[in-house]
Amino acid sequence: GQEYRAARHEGRFSVQAITLETWDQAQPLYGVGIPQDEGTAEEQTFAALPEGMLYFAIRAIDAAGNQGGLSNEAQATTTGAGRTWEVRVDGSGDAPTVQAAIDSAAHGDRVLIHPGRYLEHINFKGKRIHVVSAEGPGATILDGNGEPGSVVTFTSGETRESVLEGVTVTGGRGRYLADLVLTVGGGIVVIDPSPIIVGNRIVENEAGNPGRGVGGGIDVDSTDGKPLVSPIIRGNHFQGNIAATNGGAMAIVDSRTELFGNTFVNNYCRYDGGALNIAMGPRSTNGFVLIIQNQFVGNMAGDHGGAIEAGQGVNVPVDIRNNLFVRNEAHGEDPPGGVGTGGAISMRDWPSNITNNTFVDNVGTGTGPGCTGGHVLVSTEKRVEIRANVFVGARGCALSCSSPSFNTVAEGNLYWDNTPANFGNPKNCFPVLGGNDLFTDPLFCDPANDDYTLSANSPALQAGMGAYLQPGCEATP
């Protein structure tokens, strides 16, 4: 099995020494990545850390969620940024516009944006700088004003030391690729660099509407002949973004991308991946996608994957853990014996771990008579492990598949109130189905107000199932 074999690494930092007892109190260290082949040297750059002496530790986690011991402790002293370039909406700062401040900044500088609406498109131009708002995304807006182009551009080899933090990105219409047919990255385009995008609101951007377009909010891609990009997308809010083709909020192509703690709300695409579309070509053999502790609410795909569509893939992992999926919908065709839709997730050509997530009221519809995968549709013969999830209220069955999935394991999950059934044609779908499953009310704390944490007496909590492994309220009757 996959137990006791490292599936991913988790890192933490603190101003005090880190022990097993203090691990949970330390701050998450994003961008650690997944284990590489034995003997492979790895190097990571971390940015946006507090100044001063910090302690670091890493531990391995297997596919079942078991944690290894701590690594040897590391210490480092972080230093502050170089010069700060202040930008004010009336032009009275150190530079008249945000772009002018970026143009003037040197590596290591900070561009501090004061409150206001800035009608401009910005390009980091390869600068290793920190562009950050003074008072958060509610007060500071970068507005593309519906003009052609991505509002924020990373296309010049930016690194983890290139950080965009705490702004609203809106009104983008995306960047045409060289063929002038496909538009990508309505709000932000990331082609070949590896920036950190943290704590932003990415709202009401479009890619290709009404023409072809992917990544209404963000597009991440690597061009042929260059190393795979490895951005960190953390703590952002994506809402109301539209892609004419795939990936309403975000499209990920040929990369090593990490998504932590984001929210995806009411994003839409015409075809696959209402919130997120993933595709990897043959050159992405060392790529991966980590999707951890995110929330996907009310996203819609016209075809497959209301929240996530993992389409074209190679034998690289997708790790989907500790996420919440609520009221996502996919409405593609489901001909008899055909495909299905996947109201929350459509897993079409990828090995993956779908572990410790909570799925509620997701909808997969189609024209055929069978189950469509109201929560999850599996359409691959690659290894898919579906464990320790909570599946509630699906329309179109909780789990289904479009063809025999001989390497799929679905066990140790909780199922409740899924219609018309929990499983679609299970004898043909899943060689390992059931075992330690629960068929009972998970006892959410306040589902009427979208609180899907678990009460202290929840059977799911006691079994270690779902996205929330600590009680969110006292015991309920």
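Remember, it's a predicted structure, so these values are computed and weren't measured experimentally. In what follows, every heavy atom counts, from backbone to side chain, and hydrogens, waters and symmetry copies are set aside.
- Taking 4.0 Å as the cut-off between side-chain N and carboxylate O, Arg327 and Glu329 do not count as a salt-bridged pair.
- Checking side-chain atoms of Thr245 against main-chain N and O of Gly213 turns up a donor-acceptor pair under 3.5 Å.
- Here the closest heavy-atom approach between residue Ser346 and residue Gly305 is recorded as CB-N, 3.6 Å.
- The backbone N or O of Asn449 lies less than 3.5 Å from no partner atom in the side chain of Asp451, so there is not a single donor-acceptor pair.
- Looking at Glu147 and His121, their side chains never bring a donor and an acceptor atom within 3.5 Å of each other.
- A side-chain donor from one of His130 and Glu165 sits under 3.5 Å from a side-chain acceptor of the other.
- Between the side chain of Thr183 and the main chain of Tyr176, no donor-acceptor pair closer than 3.5 Å is present.
- Inspection of the Asn322 and Asn356 side chains reveals no N or O donor paired with an N or O acceptor under 3.5 Å.
- Formation of a donor-acceptor pair under 3.5 Å by the Asn200 side chain with backbone atoms of Ile202 is not found in this model.
- Here the side chains of Gln470 and Leu454 are not in contact, with every heavy-atom distance at 4.5 Å or above.
- Asn262 places a side-chain N or O within 3.5 Å of a backbone atom of Gly235 that can act as its donor or acceptor partner.
- Contact annotation: the side chain of Pro442 approaches that of Trp416 to within less than 4.5 Å [non-hydrogen atoms, C-beta and beyond].
- The closest donor-acceptor contact from the side chain of Asp319 to the backbone of Ser352 lies at 3.5 Å or more, if one exists at all.
- No hydrogens or angles considered: nothing links the side chains of Thr263 and Gln295 as a donor-acceptor pair under 3.5 Å.
- Proximity of Leu324 to Gln293: side-chain heavy atoms (C-beta onward) are nowhere separated by under 4.5 Å.
- There is no side-chain donor-acceptor pair under 3.5 Å between Tyr268 and Asn266.
- Proximity of Asn357 to Phe391: side-chain heavy atoms (C-beta onward) are nowhere separated by under 4.5 Å.
- Listed for the Asn246 side chain is no donor-acceptor partner under 3.5 Å among the backbone atoms of Ala251.
- A donor-acceptor pair under 3.5 Å is absent between the side-chain atoms of Asn328 and the main chain of Ala307, judged by distance alone.
- Checking side-chain atoms of Asn277 against main-chain N and O of Ile308 turns up no donor-acceptor pair under 3.5 Å.
- Taking 4.5 Å as the limit, every side-chain heavy atom of Leu399 sits out of range of all side-chain heavy atoms of Val378.
- A side-chain donor from one of Thr257 and Ser255 sits under 3.5 Å from a side-chain acceptor of the other.
- For the residue pair Asn294 and Asn323, a side-chain donor N or O sits within less than 3.5 Å of a side-chain acceptor on the partner.
- You'll find the side chain of Ile102 reaches within 4.5 Å of the side chain of Ile122, heavy atoms only.
- Considering only residues two or more places apart in sequence or on other chains, Phe238 meets the ring pair (Phe, Tyr, Trp, His ring centres under 6.0 Å) condition with Phe264.
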Inset, instruction - Might you work through the side chain to side chain donor-acceptor pair (under 3.5 Å) test for Thr341 and His304, ending with a clear yes or no? - result: CA-CA 5 Å; Thr341 54; His304 295 90; over 6 Å; no

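- Under a 3.5 Å cut-off, the side chain of Ser150 and the backbone N or O of Gly174 do not form any donor-acceptor pair.
- Looking only at side-chain heavy atoms (C-beta outward), Leu377 and Ser379 come within less than 4.5 Å of each other.
- Using a 4.5 Å heavy-atom cutoff, the side chains of Asn205 and Val151 are in contact.
- For Thr170 and Asp143, the side-chain atoms include no donor-acceptor pair closer than 3.5 Å.
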Inset, instruction - Apply side chain to side chain donor-acceptor pair (under 3.5 Å) to Ser222 and Asp192, showing your working. - result: CA-CA 5 Å; Ser222 303; Asp192 294 328; 4.8 Å; no

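- Among all heavy-atom pairs drawn from Arg175 and Thr155, the shortest one is NH1-CG2, 3.7 Å.
- At a cut-off of 3.5 Å, with distance as the only test, a side-chain donor of Asn418 or His375 sits close to an acceptor on the other residue.
- In terms of heavy atoms, Gly273 sits closest to Ala301 at N-CB, 3.9 Å.
- Side-chain atoms of Thr355 and Asn353 include no donor-acceptor pair closer than 3.5 Å.
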Legend entry - Verdict with supporting geometry, Lys127 and Glu158, salt bridge (Lys or Arg N to Asp or Glu O under 4.0 Å): CA-CA 6 Å; Lys127 300 285 184 73; Glu158 290 85 358; over 6 Å; no

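- A side chain to side chain contact (heavy atoms under 4.5 Å, CB included) with Leu414 holds for exactly one of Thr358, Asp441, Asn389, Val390; it is Val390.
- Asn362 approaches Val326 most closely through the heavy-atom pair OD1-C, 3.6 Å.
- In this structure Tyr271 satisfies the side-chain hydrogen bond (donor to acceptor under 3.5 Å, both in side chains) test with no other residue, sequence neighbours excluded.
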